[in-house]
Colleague: 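Here's a structure for you.
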Amino acid sequence: MSLLVADKVSKTYPNGTQALKDVSFSVQPGEFLVVIGLSGSGKSTLLRCINQLHPISSGAIHFEQHQLNRLQGKALRQQRSRIGMIFQQFNLIPRKTVLTNVLAGALASTSIVKSLLGLYSEQQKQQAMRYLSIVGLEHKAHVRADNLSGGQQQRVAIARALMQQPKILLADEPVASLDPSTSHSVMKYLQKINQELGVTVICNLHFLSLVRTYASRVIALKDGVMVYEGAPTDIDEQWFHTIYGEDAVEVSIN
Ligand code: ADP
């Protein structure tokens, strides 16, 4: 059974921009799905529509047995807590320690008062340390987040998302702010949590070379329309130009 299904999803922003047009695809448990396309093609909108950060205009998003776009209140929060997200700019609290940032990921299972007071259980702290060790940063637990490099900050963001014990992790251009070698390091940690913890990943990426290395399947958006769905190895030169335009030249990140 599919873990996630997008069924004819369309999204029009209040200003009239139609960012997604009848996008349909399904995601099986354990996949590492990569979404590609030019800047402005709708990739970020798609991820935000999946976890209902943006309401969709028509169509449906099914997650496990639930139609997410029909849920509200507690029921929506419950389902959404199983969908983690990381962002291009990491979105950590800079002046707080790495451990506090990771613990913030437990918000869905902690009362607001407790989290504001920093009253996390011993079990939550152990869990946070475990996820920090998975991303190779347990030795940085008590360092301020803004003392870490960009790649390390993104790894903290991955550990924070893991605190939700997500079924799916949405990664919105997770390496767009990083240099090439750091990009691979972050992608390898995403691959690790996909393969070892079984977390399904949906990741927006810019560079095709990364797509070919890490994706198990690819979808491509162009002006909000899904123009490709298939294996990364099947994206030949013709497909490349269909997706990125006639004048595009492939650059690789090594
Ligand atoms: P990508 O992630 O592929 O760069 P986006 O999903 O960010 O693409 O954007 C898709 C389209 O929607 C673009 O035309 C963009 O300008 C527009 N858009 C994105 N966010 C908003 C918003 N909050 N309000 C209005 N238009 C938006």
Side-chain angles (χ1 to χ4, degrees), residues 34 39 43-45 47-48 50-51 53-54 77 80-166 168-194 196-197 199 201-207 210 214 253-254:
V34 170
S39 182
K43 304 182 295 298
S44 180
T45 302
L47 291 198
R48 283 156 207 266
I50 287 175
N51 69 1
L53 274 178
H54 289 328
R77 280 199 301 279
R80 204 193 238 162
S81 73
R82 309 307 302 276
I83 304 179
M85 188 153 183
I86 62 169
F87 303 87
Q88 178 177 342
Q89 296 303 338
F90 327 130
N91 294 6
L92 301 182
I93 312 165
R95 296 161 69 89
K96 295 284 184 186
T97 67
V98 164
L99 181 61
T100 303
N101 270 282
V102 176
L103 282 164
L107 214 55
S109 57
T110 312
S111 77
I112 290 181
V113 175
K114 276 191 175 174
S115 67
L116 282 177
L117 295 174
L119 295 175
Y120 294 98
S121 68
E122 205 44 49
Q123 191 199 357
Q124 286 173 318
K125 287 179 195 162
Q126 282 173 13
Q127 211 171 29
M129 288 305 290
R130 178 173 162 247
Y131 291 137
L132 273 175
S133 84
I134 286 174
V135 297
L137 287 175
E138 69 274 42
H139 60 293
K140 298 283 188 189
H142 302 292
V143 172
R144 260 173 57 156
D146 54 5
N147 282 344
L148 267 54
S149 69
Q152 289 173 331
Q153 290 193 38
Q154 192 60 293
R155 284 151 61 192
V156 174
I158 294 171
R160 179 181 57 186
L162 290 176
M163 285 299 284
Q164 293 174 228
Q165 299 183 315
I168 293 194
L169 180 66
L170 308 176
D172 193 6
E173 301 265 10
V175 298
S177 311
L178 305 175
D179 59 50
S181 62
T182 314
S183 296
H184 274 293
S185 151
V186 167
M187 290 305 297
K188 282 193 180 121
Y189 282 108
L190 286 177
Q191 188 176 50
K192 180 175 173 183
I193 64 152
N194 173 249
E196 292 178 19
L197 303 183
V199 178
V201 176
I202 307 180
C203 178
N204 292 347
L205 280 183
H206 219 73
F207 287 102
L210 287 178
Y214 297 100
I253 174 167
N254 297 309

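For the single chain, residues carry numbers from 1 onward in sequence order.
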Colleague: As a quick check of understanding, evaluate side chain to side chain contact (heavy atoms under 4.5 Å, CB included) for Val186 and Leu178, giving each step before the final call.
Modeller: CA-CA 9 Å; Val186 167; Leu178 305 175; 3.7 Å; yes
Colleague: Has Ser121 got a side-chain atom pairing as donor or acceptor with Gln124's backbone, closer than 3.5 angstrom?
Modeller: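 Yes; at least one donor-acceptor contact below 3.5 Å.
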Colleague: What I'd like to find out is whether the side chain of Ser177 reaches to under 4.5 Å of the side chain of Gln89, using heavy atoms alone.
Modeller: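 Contact flag for Ser177/Gln89 side chains = yes.
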Colleague: Among Val135, Leu148, Thr182, which residue meets the side-chain contact (heavy atoms from CB on, under 4.5 Å) test with Arg155?
Modeller: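 So, applying the side-chain contact (heavy atoms from CB on, under 4.5 Å) to Arg155 and each of Val135, Leu148, Thr182, only Val135 qualifies.
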Colleague: Is the closest side-chain donor-acceptor distance between Thr100 and Thr97 under 3.5 Å?
Modeller: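 Checked: Thr100/Thr97 side chains pair up, N/O donor to acceptor below 3.5 Å.
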Colleague: About how many Å separate CD of Gln152 and CG of Leu92, when rounded to the nearest 0.5 Å?
Modeller: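 Rounded to the nearest 0.5 Å, the CG-CD separation comes out at 11.5 Å.
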Colleague: Could you walk me through whether Met163 and Val102 pass side chain to side chain contact (heavy atoms under 4.5 Å, CB included), step by step?
Modeller: CA-CA 7 Å; Met163 285 299 284; Val102 176; 3.7 Å; yes
Colleague: Could you give the distance from CZ (Phe87) to CG (Leu47), rounded to the nearest 0.5 Å?
Modeller: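 Here the interatomic distance stands at 9.5 Å.
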Colleague: Determine whether Asn147 and Lys140 make a side-chain contact, defined as any pair of heavy atoms from C-beta on separated by less than 4.5 Å.
Modeller: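 Answer no - side chains too far apart.
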Colleague: Could you give me the CA-CA distance, side-chain angles and deciding distance for Arg130 and Glu138, then say whether side chain to side chain contact (heavy atoms under 4.5 Å, CB included) is met?
Modeller: CA-CA 8 Å; Arg130 178 173 162 247; Glu138 69 274 42; over 6 Å; no
Colleague: Got a donor-acceptor contact below 3.5 angstrom from the Asn204 side chain to the Lys43 backbone?
Modeller: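 Yes, the answer is positive, given that a donor and an acceptor are paired below the 3.5 Å cut-off.
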Colleague: Ring centres under 6.0 Å, that's the criterion: do His184 and Tyr214 meet it?
Modeller: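 Yes, the ring centres sit under 6.0 Å apart.
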Colleague: Does Lys96 reach the side chain of Arg144, with side-chain heavy atoms less than 4.5 Å apart?
Modeller: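 When only atoms from C-beta onward are counted, Arg144 and Lys96 do not touch, as no gap falls below 4.5 Å.
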Colleague: Walk me through it: do Gln154 and Val175 pass the test side chain to side chain contact (heavy atoms under 4.5 Å, CB included)?
Modeller: CA-CA 8 Å; Gln154 192 60 293; Val175 298; 5.9 Å; no
Colleague: So, does Asn51 use its side chain to make a donor-acceptor pair with the main chain of Arg80 at under 3.5 Å?
Modeller: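 The answer is no, because no donor-acceptor pair under 3.5 Å joins these two groups.
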Colleague: Heavy-atom distance under 4.5 Å between the side chains of Ile134 and Ile158, does that happen here?
Modeller: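 The answer is no; the side chains never approach within 4.5 Å.
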Colleague: A side-chain contact here means heavy atoms from C-beta on lying under 4.5 Å apart; do Val156 and Leu137 qualify?
Modeller: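 Side-chain contact under 4.5 Å: yes.
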Colleague: Could you tell me whether the side chain of Ile168 reaches within less than 4.5 Å of the side chain of Val201, counting heavy atoms only?
Modeller: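 No, their side chains stay 4.5 Å or more apart.
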Colleague: Does any non-hydrogen side-chain atom of Gln165 lie less than 4.5 Å from one of Tyr131?
Modeller: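 Side chain of Tyr131 against side chain of Gln165, heavy atoms only: contact under 4.5 Å found.
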Colleague: Hey, what do you get for CE (Met85) to CZ (Arg160), rounding to the nearest 0.5 Å?
Modeller: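 Nearest 0.5 Å value for the CE-CZ distance: 11.0 Å.
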Colleague: Between Asp172 and Arg48, is there a side-chain N and carboxylate O pair less than 4.0 Å apart?
Modeller: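 Answer for the salt bridge query: yes.
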Colleague: Under a 4.5 Å cut-off applied to non-hydrogen side-chain atoms, are Leu169 and Val199 in contact?
Modeller: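 Side-chain contact under 4.5 Å: yes.
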Colleague: Looking at every non-hydrogen atom in both residues, tell me the closest pair between Gly84 and Ala161 and how far apart they are.
Modeller: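 Heavy atoms only, the tightest pair is CA-CB, 4.5 Å.
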Colleague: Look at the side chain of Gln164 and the backbone N and O of Ser81, then say whether any donor-acceptor pair between them is shorter than 3.5 Å.
Modeller: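 Pair found, side chain donor or acceptor close to backbone of Ser81.
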